[in-house]
Amino acid sequence: MTKIDASSSYHNAGRDYAGEVWADDYVAPSAPASGGRAEPLPLFPKAAPAKPYPLEALGEGLGAAARAIASKVQCPESMAAQSVLAVAALASQAHADVMLPYGQTRPLSLFCLTIAGSGDRKTSADREALWPIRKHEKQLRTRYDEAMPQFKIDSAAWQAQKRKIEIDNCLGLEGRKAKLVELGPEPRRPLYPFLTAPDPTLEGLNKTMVDAPASMGIFSAEGGQFIGGSGMSDDNRLRTAAGFSRFWDGEQERRVRAGDGVTILEGRRLAMHLMAQPEAAGGLLRDKTLRDQGMLSRLLVAAPDSIAGTRLYRSTSASDEEQIRAYGALILYVLETPWPMAEGKRNELLPRALEMEPEASLIWQNYFNHVERQNSKVGDLEGVGDIASKSAEQAARIAGVLTIIDDPYAVTIATDTMERACALADWYLQEALRLHGASASPALISADNLLRWLAERGAGTLIAFRDVMQFGPGSLRTKAALDAAIQTLISHGWVAETSAKPRTIKLLAVPS
């Protein structure tokens, strides 16, 4: 049985839950700069350091793989862990759902978001984690290429025979019916040979899933393309978020369109892992529409501290390669294990329910209560209440994923597995708290946009108010918006107003 460090877990219900998260969050006031002038105050609060990811809680196979990927690629361990856990969810979600103690089932689907800057090796980490998926997709393409020629022949023959029956004037109504029954249904094209897509629209995903595998994933190391794509535009954001939330919930997807008619998707599963830079991810996480709709509360978010500057060259170790190969074999075994399908359906899942062992159920209930006690307006989880309300469910889903990865034929969730899953869910909840503490209001974001624009012109720059309105950031081209941003920068010591007519401001310092 794997022993989990309980220092940040739900076991010690009497301790201050958020105390360790915020112990190092205090930032001392800046000392006066040379000449007696105080340094400008930062616009955004400083985030507490990211806590180490509990790799041991992933289990022997997944945890060792995440550690090996982090070592080989030289990326943060939480980044590698996110990639590995998301792939495990994609491989597992077709096989089972998790049965919660109060009798409802939930999919094993996980939606992960990893926030990291350019050059932090997001693509390299994801490539290592996804290699078994790519290998399985290659096998699917081989089968697809082999099946397509026969499908085209069968389809052409069926269409020709159907036309012949329809125009045969010697057949009466009943005779034509009998011939069409004898002809049988139209041949179905082979399922599309892929499990993942980088940035689909909800409409495209729904349309594709009619003839695609029943279990799919959205995986992109350039998540900004998805976040900034047409599906997340102002006109489509709410509809897209609602659609993906339904997939996360495992609900039936219904689509009614004038051209395509009615499409009903039953028994489908969708996993997600987006890796995005801080600016793109920040816009997503600050979006009030997405938070109110519930999409953000469904995300497992990690924002590791960059390790750039410490990644001196070293050769890949044989041990790391061995662990990554073993992980790949584990994922491939789960992928190649037959999926449970509804009778007579080729891509409609009928997953079995994973029940919790009695002790595992008690552990889950304890974690549920631990989170709920603090999820009040004055509790330690204030500000992330929507995320906290789904933390216990996330723990149950993660437990199901870990169970299926260990044994795709399992029917129960063991006590040790649930304990590890709760430790992981607890880490994600603390990460949400940490990121919320460093979040900024829209007013500060606008001020920062102005500051960055001014900084391109250098410290000491004098610029007229009307020039900022004409050439500055698009969001600040109204007098009220620009006034508010300037006042914020003045109060923080970044700019000074040097002239009233014409109104002119001066940049006093350039942010690092």
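Both backbone and side-chain heavy atoms feed into the values below; hydrogens, waters and symmetry mates do not.
For the residue pair Ile398 and Ala425, the shortest heavy atom distance occurs at CD1-N, 4.4 Å. Shortest non-hydrogen contact noted between Asp406 and Arg420 is OD2-NH2, 4.1 Å. When every heavy atom of Gly231 is checked against every heavy atom of Thr201, the shortest pair comes out as N-CG2, 4.4 Å. Nearest approach of Pro200 to Phe244, heavy atoms of both residues: O-CZ, 4.4 Å. Across Pro107 and Arg397, no two heavy atoms sit closer than the pair O-CG, 3.1 Å. Nearest heavy-atom pair across Met418 and Ile413 is CE-CG2, 4.1 Å.
Proximity of a side-chain donor or acceptor of Arg477 to a complementary backbone N or O of Gly472 within less than 3.5 Å is detected. For the pair Ser297 (side chain) and Gly294 (backbone), a donor-acceptor distance under 3.5 Å is present. One N or O on the side chain of Trp427 and one on the backbone of Pro52 form a donor-acceptor pair closer than 3.5 Å. One N or O on the side chain of Glu137 and one on the backbone of Leu195 form a donor-acceptor pair closer than 3.5 Å. Between the side chain of Ser71 and the backbone N or O of Arg67, no donor-acceptor pair lies under 3.5 Å. In terms of modelled atom types and a separation under 3.5 Å, the side chain of Arg143 and the main chain of Pro193 share no donor-acceptor contact. The backbone N or O of Leu113 sits less than 3.5 Å from a side-chain atom of Gln82, completing a donor-acceptor pair. The closest donor-acceptor contact from the side chain of Lys122 to the backbone of Gly117 lies under 3.5 Å.
One distance of note links OG of Ser109 with CG of Leu270; it measures 6.5 Å at 0.5 Å rounding. Taken to the nearest 0.5 Å, the CD1 atom of Ile404 stands 10.5 Å off from the OG1 atom of Thr417. Taken to the nearest 0.5 Å, the CD atom of Glu60 stands 10.0 Å off from the CG atom of Leu330. Taken to the nearest 0.5 Å, the NE2 atom of His370 stands 8.5 Å off from the OG atom of Ser391. Taking CZ of Phe194 as the start and NE2 of His136 as the end, the distance is 13.0 Å to the nearest 0.5 Å.
No option in Ile387, Asp380, Leu381 other than Leu381 meets the side chain to side chain contact (heavy atoms under 4.5 Å, CB included) test with Val371.
Put simply, the side chain of His95 reaches to within 4.5 Å of the side chain of Pro340, judged on heavy atoms. A heavy-atom distance below 4.5 Å is found between the side chains of Met148 and Arg189. When side chains are defined from C-beta on, Thr337 counts as touching Tyr333, because their heavy atoms get closer than 4.5 Å. Side chains of Met356 and Pro101 form a contact here, defined as non-hydrogen atoms less than 4.5 Å apart. Leu424 places a side-chain heavy atom less than 4.5 Å from the side chain of Leu402. Considering only heavy atoms from C-beta on, Asp292 stays 4.5 Å or farther from Asp386 through its side chain. A 4.5 Å side-chain heavy-atom check between Phe368 and Leu100 finds every atom pair outside the cut-off. No side-chain heavy atom of Asp448 sits under 4.5 Å from any side-chain heavy atom of Leu450.
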Inset, instruction - Using the side-chain contact (heavy atoms from CB on, under 4.5 Å) rule, take Arg134 and Thr196 through it: C-alpha gap first, then chi angles, then the decisive distance, then the call. - result: CA-CA 9 Å; Arg134 300 293 175 243; Thr196 61; 2.8 Å; yes

Inset, instruction - Could you walk me through whether Leu296 and Leu284 pass the side-chain contact (heavy atoms from CB on, under 4.5 Å) test, one step at a time? - result: CA-CA 8 Å; Leu296 298 185; Leu284 180 77; 4.2 Å; yes

Inset, instruction - Determine, stepwise, if the pair Thr412 / Glu355 fulfils side-chain hydrogen bond (donor to acceptor under 3.5 Å, both in side chains). - result: CA-CA 5 Å; Thr412 60; Glu355 295 189 3; over 6 Å; no

Legend entry - Steps toward side-chain hydrogen bond (donor to acceptor under 3.5 Å, both in side chains) verdict (Gln365, Ser361): CA-CA 6 Å; Gln365 292 173 51; Ser361 179; 2.9 Å; yes

Inset, instruction - Decide yes or no on salt bridge (charged side-chain N to carboxylate O under 4.0 Å, His left out) for Arg291 and Asp287, but give the supporting numbers first. - result: CA-CA 6 Å; Arg291 181 165 294 281; Asp287 192 292; over 6 Å; no

Legend entry - Trace of the salt bridge (charged side-chain N to carboxylate O under 4.0 Å, His left out) decision for Glu431 with Lys51: CA-CA 8 Å; Glu431 182 75 342; Lys51 291 179 100 41; over 6 Å; no

Inset, instruction - Evaluate the salt bridge (charged side-chain N to carboxylate O under 4.0 Å, His left out) criterion for residues Asp211 and Arg188: first the C-alpha distance (whole Å), next the side-chain angles of each, then the deciding distance (0.1 Å), finally the verdict. - result: CA-CA 9 Å; Asp211 290 307; Arg188 298 289 300 272; 3.2 Å; yes

Legend entry - Residues Leu90, Leu110; criterion side-chain contact (heavy atoms from CB on, under 4.5 Å); working and verdict: CA-CA 8 Å; Leu90 173 59; Leu110 301 176; over 6 Å; no

Inset, instruction - In sequence, state the C-alpha distance, the side-chain angles, and the governing distance for Ser83 and Glu128, and then conclude on side-chain contact (heavy atoms from CB on, under 4.5 Å). - result: CA-CA 9 Å; Ser83 293; Glu128 293 291 337; over 6 Å; no

Inset, instruction - Walk me through it: do Asp120 and Ser306 pass the test side-chain hydrogen bond (donor to acceptor under 3.5 Å, both in side chains)? - result: CA-CA 7 Å; Asp120 280 337; Ser306 176; 2.8 Å; yes

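For residues 240-251, every residue pair satisfying the side-chain hydrogen bond (donor to acceptor under 3.5 Å, both in side chains) rule, not counting sequence neighbours, is listed here: Ser245-Gln293, Arg246-Glu253, Asp249-Arg298. The ring-ring contact (aromatic ring centres under 6.0 Å, His included) pairs that include a residue from residues 268-287 number zero, where partners must be two or more places apart or lie in different chains. Sorted by first and then second residue, the salt bridge (Lys or Arg N to Asp or Glu O under 4.0 Å) pairs with a member in residues 86-106 read Asp97-Arg269, Arg106-Glu393; sequence neighbours excluded.
Between Phe226 and Phe219, the gap from one ring centroid to the other reaches at least 6.0 Å.
Between the side chains of Ser220 and Asp199, not a single donor N or O lies within less than 3.5 Å of an accepting N or O. Under the 3.5 Å distance criterion, with hydrogens and angles disregarded, a donor-acceptor pair is assigned to the side chains of Asn236 and Ser233.
Ring geometry for Tyr428 against Tyr53 counts as perpendicular: the plane angle is over 60°, on a 0 to 90° scale with 30° as the lower cut.
Under the ring pair (Phe, Tyr, Trp, His ring centres under 6.0 Å) criterion, Tyr144 pairs with no residue at all, not counting sequence neighbours. Residues that satisfy the side-chain contact (heavy atoms from CB on, under 4.5 Å) test with Ala212, not counting sequence neighbours, are Tyr192, Thr208, Met216. For Ala147, the side-chain contact (heavy atoms from CB on, under 4.5 Å) criterion is met by Pro190, not counting sequence neighbours.
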